[in-house]
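Everything below concerns the one structure shown next.
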Amino acid sequence: MTDQANETRERVRAAYAAAAVAATQDVRFPLAIAGSTSCTSSAGDPTTSCCEVTPRGAPTIGTGFGASLYFADQQGELPAEAVAASLGCGNPTAVADLHEGETVLDLGSGGGIDVLLSARRVGPTGFAYGVDMTDEMLALAETNRARAGATNVRFLKGTIEGVPLADASVDVVISNCVINLAADKPAVLAEMARVLVPGGRIGVTDVVADDDLSPTARAERGSFVGCIAGALSRSEYLDGLAAAGFVDAEVAFTHEVAQGMHSALVRAVKPAAH
Ligand SMILES: C[S@@+](CC[C@H](N)C(=O)[O-])C[C@H]1O[C@@H](n2cnc3c(N)ncnc32)[C@H](O)[C@@H]1O
């Protein structure tokens, strides 16, 4: 990676380490919902809305992000602390339509909510992995795993650009509001294709920009660590998925998180072997 990409990744890691510590200390994060959906700051600066950055460096959560995006019955399945640690922009477990016995991988698993929900969906004959690069998030996720009593779960330290799992080892890749944070998005899409079995699928939620928004216009709407400035446009997502070998790709907007920026459901399939 370039120096700039490394620096971007470190900024993301520091922000989410602060978020995990804040959640662990029961600071009113991430439950503090900012009132506005307009994001105005440039990368790294404190902002006033969306997945904003506090003066302490932790992103807080804005309208259109977090635990409220899960169904009430799903929230009831997990310890309150695991639900409260949600920093996502959607509900990928609902997108992925998980089945008993499947192996699931969550990219950028954070406090673990989607891994723990997936583990319940796939049952004792299935397994759910989470990968995250931030030690503090991994510790929070492990605490939440123990609280939930989940045994078919493992959190792995690693980057989503270099997933620490073997080729063709998972049936489903999910991710919730993380790919926009990756410094090398083509590498992430290639890793998703590598770890999936032939015929495997992705069910991702992410922030996605309208096609007519330039990278500069995206950065005007929110910070990189706040999940806005690094978002791909819909066409960039579809082109990237095709370049990584996926088929039947779709990017469906669900709700606006900033002007011209949306939470989106991203689905695609790795072709079956012939
Ligand atoms: C916005 S939070 C989302 C967490 C979780 N998916 C959720 O829905 O609550 C982003 C998470 O992705 C992790 N992350 C960001 N970029 C990453 C990368 N390149 N490799 C691995 N983890 C990454 C961060 O450490 C953080 O835990």
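Counting starts at 1 for both ligands and their atoms, following the listed order.
- Where the criterion is an N or O separation shorter than 3.5 Å, residue side chain and backbone included, Gly88 meets it with respect to ligand 1.
- Applying the salt bridge (charged side-chain N to carboxylate O under 4.0 Å, His left out) definition to pairs two or more places apart or across chains, those involving residues 78-93 are Glu81-Arg147.
- Under 4.0 Å from ligand 1, heavy atoms of Met133 appear from its side chain as well as its backbone.
- Between Val12, Ile113, Asp132, it is Asp132 that holds the heavy atom closest to atom 24 (C) of ligand 1.
- At a cut-off of 3.5 Å, with distance as the only test, no side-chain donor of Tyr16 or Asp132 sits close to an acceptor on the other residue.
- For the pair Arg154 and Phe127, the cation-pi criterion (under 6.0 Å, within 45° of the ring axis) is not fulfilled.
- Listed by number with element, the atoms of ligand 1 under 4.0 angstrom from any heavy atom of Val178 are 3 (C), 6 (N), 10 (C), 12 (O), 14 (N), 15 (C).
- Close N/O approach between Ile160 and ligand 1 is found [any backbone or side-chain N/O within under 3.5 Å].
- Under the side chain to side chain donor-acceptor pair (under 3.5 Å) criterion, Arg201 pairs with Glu102, sequence neighbours left out.
- Under the 4.0 angstrom criterion for non-hydrogen atoms, Gly158 is in contact with ligand 1.
- Proximity of Asp114 to ligand 1, defined as any heavy-atom pair under 4.0 Å, is confined to the side chain (atoms from C-beta onward).
- Salt-bridge annotation for Glu236 and Lys185: absent, with no side-chain N of the basic residue lying under 4.0 Å from a carboxylate O of the acidic one.
- For ligand 1, one of its N or O atoms has an N or O atom of Gly108 under 3.5 Å away.
- We find the CG-CG distance between Leu78 and Asn144 to be 8.5 Å, quoted to the nearest 0.5 Å.
- Using a 4.0 Å cut-off between heavy atoms, Leu87 contacts ligand 1 through both its backbone and its side chain.
- Between Gly111 and ligand 1 there is no heavy-atom distance shorter than 4.0 Å.
- Heavy atoms of Arg13 found under 4.0 angstrom from ligand 1: none, in either backbone or side chain.
- Here's the thing with Asn176: one of its N/O atoms is less than 3.5 angstrom from an N/O atom of ligand 1.
- Taking a cut-off of under 4.0 Å to the non-hydrogen atoms of Ser86, the atoms of ligand 1 that pass are 9 (O).
- In terms of polar-atom proximity, defined here as any N/O pair under 3.5 Å, Asp106 makes no such contact with ligand 1.
- Between atom CD1 of residue Ile174 and atom OG1 of residue Thr205 there is a gap of 8.5 Å, rounded to the nearest 0.5 Å.
- Interface of Cys177 with ligand 1, defined as ligand atoms under 4.0 Å from a residue heavy atom, comprises 1 (C).
- Paired with Val207 under the rule side-chain contact (heavy atoms from CB on, under 4.5 Å), one option of His262, Met261, Arg218 passes, and it is Met261.
- A salt bridge does not link Asp248 with Arg267: every distance from a Lys NZ or Arg NE/NH1/NH2 to an Asp or Glu carboxylate oxygen is 4.0 Å or more.
- Counting heavy atoms of neighbouring residues, nucleotides and ligands inside a 6.0 Å radius, atom CG of Asp3 does not exceed 12 of them.
- The N/O atoms of Thr134, backbone and side chain alike, include one that comes under 3.5 Å of an N/O atom in ligand 1.
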